[in-house]
2 protein chains.
Amino acid sequence: MDNGTERFRILKLSEKGTSCIEDVVAREFPLTIILNNQELTTLLCSPTNLRYLATGFLFSEGLLRGKDEIRKIIVDDRRGVVRVEADSDEELARDALGRRFITSGCGRGTSFYSAVDVQGQAKVESLLEISRLEVLALVNEFQRRSQIYRATGGVHSAALCDTRNIIVFSEDIGRHNAIDKIFGECIANDIATNDHIIVTSGRVSSEILLKVARRNVPVIVSKSAPTDLGLKLAADLGVTVVGFVRGKRMNVYTHDWRITRDGE
Amino acid sequence: MDNGTERFRILKLSEKGTSCIEDVVAREFPLTIILNNQELTTLLCSPTNLRYLATGFLFSEGLLRGKDEIRKIIVDDRRGVVRVEADSDEELARDALGRRFITSGCGRGTSFYSAVDVQGQAKVESLLEISRLEVLALVNEFQRRSQIYRATGGVHSAALCDTRNIIVFSEDIGRHNAIDKIFGECIANDIATNDHIIVTSGRVSSEILLKVARRNVPVIVSKSAPTDLGLKLAADLGVTVVGFVRGKRMNVYTHDWRITRDGE
């Protein structure tokens, strides 16, 4: 499997002059997901962990609900196709497709933000707490791990963590994909997500928040900003949102009782 | 019209202590676009310039081709709906919808990246040149103008420029939307885009590159990174990509003859 980058010859211009160098650029790969012979979508993604991406996507979409529904996953990474055979609920799949047909679009769909989705979503009830210093330590480690970003400046990272360690880590040009890869890996390898923490390099928007709530994750930590809709959903669905973790500072937007100052 | 932000009470944690403050967060607004009574899509966007966003979106999608096709645009910014009545090519619209049904998905569709779209796209033939110092001056001014970003850290900016000045400027939580707002404003107000420059805060991916080539823009300048697919399209379609403009440095990835060192 490719490492997600490609080399290009470019011109570097500065006040000191012009030089022709070889630079590393993030790859952008069209991946078509086919569920039970039905073409669902083509994602633009980083070509790594395609199996996990497809799995996470199908769960995030509500098209699969349990690992035991999956009969077979065939990844063709040359043609950019993942075929999933599953005992999925046909009616569910038709509903999801119908909804997407109506509401999704062109790089910025919103099938996630239908009222039905939100109403059906149970509140995250976890009693997990994590201290400010533990959050800082996780984000430090998270930044150390972000390899493609350091090389290309062009990708997002995401991680599933407990209060002390990164358990699953992924990178992708799309912030949605990075999180779907995490959840796909968790589902494939029976890694629990409840009582855990998601760290992301990307914005916490409504779609990201719904993905996280669906996997019953009580805390999401981001180096960047949330949106108002993300925060409203977080407040309703019992998710703690920590944003702008930079240096030793952070903002806690919702359900702040989960972030403690133990031992300080 | 709202200015795209909302106030939240949050906890700010640092090594010095915890304070409860009021902070400004970027709004995320679902906007449904209806063309000739057919619901096309719901975008998640910043609730500013909705008319321009809808117009730019319809042109980027290839659903409209000329301003004179638009009969009426009704913006309902309370319910989040834009209705467009237009003499659009019914077959074209059906094709686009069919394509979207097959290929788009959930926050990350790729209707833009169908082989048909790319093959049908003419090469940008502009002889425009811009000097390194002019690029730096434009990016400086661009950063000065990015108001919502400075307040919230949560939005993208885009601008249409000539070699000396910013002509149209926009902000949106989505980098695609910010560029569609620019092009929608240009179409509405008969502002030429050929022989001009787009500056963006976001990544230059294949979808962004296609939008820019469709409006015949020869140069795109970004503060961040391109993807390999964006660069391959740029090379094929005659677009100059300048990335990582930071401090006094920049990378020129494609068609570098347009970036000069005049007067240095």
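What you see is a predicted model; the values in this text were computed from it and never measured.
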In this structure, CG of B/Asp23 is separated from CZ of A/Phe244 (nearest 0.5 Å) by 7.5 Å

Select one option (side chain, backbone, both, neither) describing which atoms of A/Ser46 are under 4.5 Å from chain B's heavy atoms. neither

How would you list, by chain and number, every residue that makes a side chain to side chain donor-acceptor pair (under 3.5 Å) with A/Thr260, sequence neighbours excluded? A/Asp262

Among A/Leu231, A/Asn251, A/Asp256, exactly one meets side-chain contact (heavy atoms from CB on, under 4.5 Å) together with B/Ile10. Which residue is that? A/Asn251

Verify, without hydrogens or angle tests, whether B/Asp228 (side chain) and A/Glu28 (backbone) share a donor-acceptor contact under 3.5 angstrom. yes

Within the 4.5 Å heavy-atom criterion, are A/Glu6 and B/Lys232 side-chain neighbours or not? yes

Quick one: closest heavy-atom pair of A/Gly154 and B/Ala225, and the distance? CA-CB, 3.7 Å

Could you work out, with salt bridge (charged side-chain N to carboxylate O under 4.0 Å, His left out) as the rule, every residue matching B/Glu264, not counting sequence neighbours? B/Arg132, B/Arg261

B/Arg9 side-chain N/O to A/Tyr253 backbone N/O, donor-acceptor pair under 3.5 Å: no

When rounded to the nearest 0.5 angstrom, what is the spacing between CE in A/Met250 and CG in B/Leu11? 11.0 Å

Under 4.5 Å to a heavy atom of chain A? For B/Thr32 that would be neither

Considering only heavy atoms from C-beta outward, does the side chain of B/Arg249 approach that of A/Leu13 to under 4.5 Å? no

Are the side chains of B/Arg203 and A/Ile173 in contact, using a 4.5 Å heavy-atom criterion? yes

Which bit of A/Thr152 is near chain B, if near means a heavy-atom gap under 4.5 Å: side chain, backbone, both or neither? backbone

Contact part of A/Phe8 toward chain B, heavy-atom cut-off under 4.5 Å: side chain, backbone, both or neither? side chain

Could you state the interatomic distance from OG (A/Ser206) to CG (B/Leu44), rounded to the nearest 0.5 Å? 4.5 Å

